[in-house]
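To keep things clear, I will list the structure first and then write my remarks on it.
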Amino acid sequence: MTIRVRFAPSPTGYLHVGATRSALFNYLYARQNGGKFLLRIEDTDLARSTDESTRSILEGLAWIGLEPDEEIVFQSANADKHRAAAFRLLDEGKAYRDFTPKAAPSDANVKDAIKDRARASQGEKDLRNNPYRGLSKEESDARAGSGEPFAIRLKVPETGKTSFEDGVFGLQERGYAETEDLVLLRSDGHPLYNLAVVCDDIEMRITDVIRGQDHLTNTHKQILIYEALDVQPPKFAHLPLILAPGGKKLSKRIHGEIVSLTTYRDAGFIPDAFRNFLALLGWSAGEEKEIYSLEELIEKFSLEGVHRSSAIFNYEPNNPKRWTDDKLIWMNAEYIRTMPLEQLLPMVKIELKANKLWREEYDEEGEALAAAIPSTADLGPDGRPSTVAIENRETGTRNWFIYTVDVIRQRFFTLKDFSSQGRAYFSEDFDFDQAAIEKNLKKFPDLQTWLPELADRFETAFAETSQAETRAVASVPAGNGAIHFTEANIETVVKAFTEEKGTKLGVIMNGARTLLTGVAVGPSMLTVFEIIGLERTLMRLRSQVAWNAVAEARTK
RNA sequence: GUCCGGUUCGUCUAGGGGUUAGGACACCGCCCUUUCACGGCGGCAACACGGGUUCAAAUCCCGUACCGGAUACCA
């Protein structure tokens, strides 16, 4: 039998990270077993369901790469079938009409109200004491015929128990005495969750139900419905919950945006990285490995490897550096610096475009950024990817762009960094980081005259070739007489200059770094000079903007 | 209240009768270095508690504590 699993969110908000993990595990399970991964939108609560939420869920799933294999099922479209099932059980005597007037909704917190009521009714706990449970068929029909509203409840047997083998939690048993005669159909004719789920799972021919642990008790109720309906229940597996740092279930209501998948997309996370992180929250392959591709996850996933204890998703709302889980941030950085460039570049393009930093030249010559980039996959001596070797990288071209991204990605954490920290590579309009100014400029006042002097030196040294000529011959290796603005040549000039001034190389380099990039961190300065290019280097070394900031700070 | 489940470094986790209890993130130190990262090396840091079984318990059993979930004419 083909494995068929489903992800069944209710569209009452954005896609929750916990729900996303359920979707992921379902997906992995399906893929591993050559089965189908289906999506059902549980929109039976019309009051709370919104189309916008449905869109958001679909978007989120698409972003993280979990698209359903068949058409999406909307539960509300099946309401008639659910109703029919309820009436069938009524006819068969497996359910009964409950004429008890619907209780007015309490104004208190629903959960608290439920708890209070449960506590209060502790003494005479008999879930089979509904006065209408034993009503004769004639009387029941008569009252219904006269228009009296009723709900339909399942007639749970007096004695016995439900039991099932959970794929994660093992054997689960629950005496009927613990399960009430659950309502299948509301007095307004609306089918209820448990009935709807069972009917739809049957109709969708679901073989394995993998969902959150919060459904563990529902499973017993649903098994009762399966039995009443004379259908063999599917296999069940429940996943541990994802908790917030306080130890409470991670919820939309109290934890806010941190639980929404879109938050991570918008914050510059790589879908593969997020998926990788999520997979390791509550599941382990039992080996010392952290980075898993989708293929590896599909191959290694198993329900046995899923934990029974909940995991905490760490975050600190007021700490910008740790606003979300440390490991997630690390993993994203790891993906950014090691993933194939042809996959990363299109994402960087989107990020730059959104910030008006993108130039069409980067895409020129009809070569898509996603085209294979030779040598990128080569691994360096330490087994990590080496930087890409691209010749002909004149400023502003596609090759320049690829090379630049490859160089700067080495110390970025999210895609956002390309437009913030990396802004100076793509635009003249960038800010100077105060700490960088303090550390690299303010302490060395001489730099205010030295750096423009260095610009003059560059201009002289590299004057032999005009900008146009430099472009034309940029591919010619240095050392053949032509002096190009390349790392080796720049190094010679800067070293001579440094010696002449009797200072340390670092002072010059870091001063230049601040002026050229606005920040105190980045790739080797020789690389930075070359990437920024001669023209922009001269301009920025001579600019007084940052120095004005230094002066301003002094007068304060 | 009742039912169900859980508890290994701060966090994610490996281990499941004999281990110096392993890895990863975070943190700290050293090396590399023009900065910051990366990388390398090292450090800090855990079996909730109490009984039992056993030559031997983090591991098996029982209890306690604590935490979580569920308990609805919500999903």
Side-chain angles (χ1 to χ4, degrees), chain A residues 8-12 42-45 47-49 75 98 100-103 105 110-111 113-123 125 149-153 169 172-175 177-180 182-188 190 192-194 196-197 212-218 220 238 240-241 243 245 247-249 277 280-290 307-314 322 325-331 333-334 337 380-384 410-412 436 439-440 494 498 504-514 519-526 528:
Chain A
S10 51
T12 55
E42 309 219 314
D43 55 349
T44 51
D45 186 343
R48 289 197 297 154
S49 302
Q75 190 159 64
D98 182 358
T100 311
K102 185 182 174 188
V110 200
K111 292 263 181 194
I114 291 164
K115 203 179 283 182
D116 290 345
R117 197 192 327 159
R119 224 188 309 258
S121 66
Q122 215 31 238
K125 189 178 121 185
F150 59 86
I152 296 183
R153 299 188 102 107
F169 289 92
Q172 297 292 305
E173 293 184 305
R174 188 179 170 90
E178 302 296 335
T179 305
E180 62 163 355
L182 58 142
V183 173
L184 302 174
L185 203 65
R186 274 190 338 206
S187 49
D188 63 3
H190 247 89
L192 246 55
Y193 175 74
N194 283 305
V197 166
Q213 194 190 358
D214 45 348
H215 285 291
L216 215 42
T217 44
N218 278 331
H220 290 280
H238 290 86
L241 267 12
L243 270 26
K248 296 283 180 194
K249 181 174 157 183
F277 172 77
L280 261 22
L281 214 51
W283 170 80
S284 162
E287 57 187 357
E288 289 176 357
K289 179 174 158 79
E290 309 287 332
H307 272 203
R308 293 184 184 188
S309 54
S310 323
I312 291 176
F313 183 93
N314 248 318
R322 302 187 137 164
D325 200 286
D326 276 337
K327 199 158 189 170
L328 171 57
I329 294 174
W330 165 77
M331 199 167 272
E334 182 71 16
R337 62 182 170 251
D382 53 2
R384 300 175 69 81
Q410 302 301 328
R411 55 216 81 201
F412 285 172
K439 184 180 166 200
N440 297 332
V494 175
T498 303
K504 285 188 200 155
L505 190 60
V507 173
I508 301 293
M509 289 297 200
N510 291 323
R513 179 187 300 285
T514 306
V519 292
V521 310
S524 153
M525 254 328 274
L526 296 172
V528 173

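Please read all numbers here as calculations on a predicted model, not as lab measurements. Note: hydrogens, waters and symmetry copies are ignored here, and every other heavy atom, side chains too, is used. Just so it is clear: chains get the letters A, B, ... in the order the sequence lines come, proteins before strands, and each one is counted from 1.
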In whole Å, measure the gap between the [atom1] atoms of [N] and [M] for me.
{"N": "B:C73", "M": "B:A14", "atom1": "C1'", "answer": "47 Å"}
{"N": "B:G23", "M": "B:G15", "atom1": "C1'", "answer": "11 Å"}
{"N": "B:A45", "M": "B:C9", "atom1": "P", "answer": "14 Å"}
{"N": "B:A58", "M": "B:G50", "atom1": "P", "answer": "11 Å"}
{"N": "B:A46", "M": "B:C4", "atom1": "C1'", "answer": "27 Å"}
{"N": "B:C27", "M": "B:U11", "atom1": "C1'", "answer": "12 Å"}
{"N": "B:G6", "M": "B:U13", "atom1": "P", "answer": "15 Å"}
{"N": "B:G10", "M": "B:G17", "atom1": "P", "answer": "26 Å"}

Sidechain-backbone polar pair: A:Ser10 side chain, A:Thr12 backbone, donor-acceptor under 3.5 Å: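 Pair absent, no side-chain N/O of A:Ser10 close to backbone of A:Thr12.
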
Among [options], which nucleotide sits nearest the side chain of [X]?
{"X": "A:Ser284", "options": "B:U13, B:U34, B:C4", "answer": "B:U13"}
{"X": "A:Arg174", "options": "B:C3, B:U34, B:G22", "answer": "B:C3"}
{"X": "A:Leu281", "options": "B:C25, B:C12, B:A75", "answer": "B:C12"}
{"X": "A:Thr217", "options": "B:C74, B:A70, B:C36", "answer": "B:A70"}
{"X": "A:Asn218", "options": "B:A75, B:G23, B:U35", "answer": "B:A75"}
{"X": "A:Ala311", "options": "B:G69, B:C12, B:U35", "answer": "B:C12"}
{"X": "A:Asn510", "options": "B:G23, B:U34, B:C74", "answer": "B:U34"}
{"X": "A:Glu42", "options": "B:U34, B:C25, B:A75", "answer": "B:A75"}
{"X": "A:Gln172", "options": "B:U34, B:A24, B:G5", "answer": "B:G5"}
{"X": "A:Asp325", "options": "B:C74, B:C36, B:U11", "answer": "B:U11"}

Which atom names give the shortest non-hydrogen contact between [X] and [Y], and what distance separates them?
{"X": "A:Glu42", "Y": "A:Ser49", "answer": "O-OG, 4.4 Å"}
{"X": "A:Ala311", "Y": "A:Gly282", "answer": "CB-N, 4.4 Å"}
{"X": "A:Arg174", "Y": "A:Glu178", "answer": "NH2-O, 3.0 Å"}

Let's test your reading of the model: under 3.5 Å, does the base of B:C73 pair with the side chain of A:Arg153 as donor and acceptor?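 Answer is no: no donor-acceptor pair is held.
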
Report yes if a donor N or O on one partner sits less than 3.5 Å from an acceptor N or O on the other, where the partners are the side chain of A:Arg337 and the base of B:C38; otherwise report no.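 It does not, because no donor-acceptor pair links the side chain of A:Arg337 to the base of B:C38 below 3.5 Å.
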
If the cut-off is 4.0 Å, is [X] near the phosphate of [N], judged by side-chain N/O to OP1 or OP2?
{"X": "A:Lys248", "N": "B:G68", "result": "yes"}
{"X": "A:His307", "N": "B:A14", "result": "yes"}
{"X": "A:Lys249", "N": "B:A70", "result": "yes"}
{"X": "A:Ser310", "N": "B:G6", "result": "no"}

Compute the centroid of each ring, for A:His215 and then for A:Tyr193, and state whether the two points are separated by less than 6.0 Å.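 Aromatic pair counts; centres sit under 6.0 Å.
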
